[in-house]
Amino acid sequence: MLIAQITDTHVTTPEVAVETGVDAIGALRRCVEHLSSLSPRPDLLLVTGDLVDRGDLDSYRLFQKALAPLGLPMLAIPGNHDSREVMRDAFVGHAGIGTDGPFLNIAGETGGLRLIGLDTTIPGRIEGVLCEDRLAWLDARLSEAPQQPALVFMHHPPFETGLTRMDGWRCGNPEGLAPILARHRQVVHLLCGHVHRAVDTTFAGIPASIGPSPSHAVGFNLEPGAELVVGIEPPMIRLLYWTGSRLISHLSPIDGVQRRVG
Ligand SMILES: [Fe+2]
């Protein structure tokens with residue numbers, strides 16, 4: 001079972017792309033071509049927020065149109081650049097977008113792996129949070145199937161990356177999340193977005209990662225107080241291979257050239 005993480009695609013309309021100088025939709029199309037070329041093709045897409053840059057319906061339509069050729073099931077949660085209301089409208093009737101209650105939390109499964117997505121957004125804010133309501137929802141989902149391996153995904157990471165500015169905008173209330181993940185021993189991975197870089201660490205004793213954006217990257221700089229630099233790096237995508245008992249994470253370069261050696 002192969003899961004592709006799509007994160008921080010920041011799709012805009014062509015007019016906005018001219019303003020920003022970032023061809024996010026072109027980057028997403030190249031990412032989709034790359035996913036189509038994989039063997040095996042992914043079985044499912046996990047979208048970890050910032051689908052679009054400005055929260056507008058036209059951009060959500062472009063996002064959907066770009067992914068349509070894959071014909072894959074998808075589970076998605078919002079990021080700080082998304083609009084809950086517009087996203088809900090854009091995906092009305094789609095089983096992979098949460099519709100219960102005020103948050104766009106979502107639960108699903110593939111190949112025996114439970115997939116639980118948390119909406120960490122705070123309208124109008126860059127940073128995120130997991131309030132008591134959202135933590136109670138997570139706790140309830142994990143309590144439903146304590147024997148079933150589970151992956152938890154969310155936009156804002158609850159852990160530091162060393163990138164000062166991004167760390168200032170991470171998910172608040174990590175001290176509320178950690179004991180829940182630690183208590184439910186079936187959680188095999190915590191998957192995040194937001195940082196526009198590939199990062200691997202642990203959180204609450206669980207393997208945790210951040211997926212790279214197929215579009216633009218946040219520059220690597222661990223100096224305290226370093227200013228945020230956004231640029232273009234060789235784009236990659238995170239792929240998660242679920243064997244039925246083990247989750248294996250791969251990074252796959254989008255513009256790589258396969259050439260037989262030897
Ligand atoms: Fe982002």
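First listed ligand is number 1; within each ligand, the first listed atom is number 1. Positions are given from 1 along the sequence.
For Thr7, the side-chain contact (heavy atoms from CB on, under 4.5 Å) partners two or more places apart in sequence, or in a different chain, are Gln5, Thr48.
Judged purely by distance below 3.5 Å, without hydrogens or angles, the side chains of Asn80 and His155 pair a donor atom with an acceptor atom.
Both Ile180 and Ile116 sit in one connected hydrophobic cluster of ILVMFWY residues. Membership requires side-chain heavy atoms under 4.5 Å apart, directly or through other members. The same ILVMFWY cluster, assembled from side-chain heavy atoms under 4.5 Å apart, contains both Ile77 and Leu115.
With respect to Arg238 and Asp200, a salt bridge is recorded, a charged nitrogen being found less than 4.0 Å from a carboxylate O.
For the Fe ion (ligand 1), protein N, O or S atoms closer than 2.8 Å were enumerated as Asp8 OD1, His10 NE2, Asp50 OD2, His196 NE2, with waters left out.
Because its NZ or CZ atom is not both nearer than 6.0 Å to the ring centre of Trp242 and within 45° of the ring axis, Arg246 does not count as a cation-pi partner of that residue.
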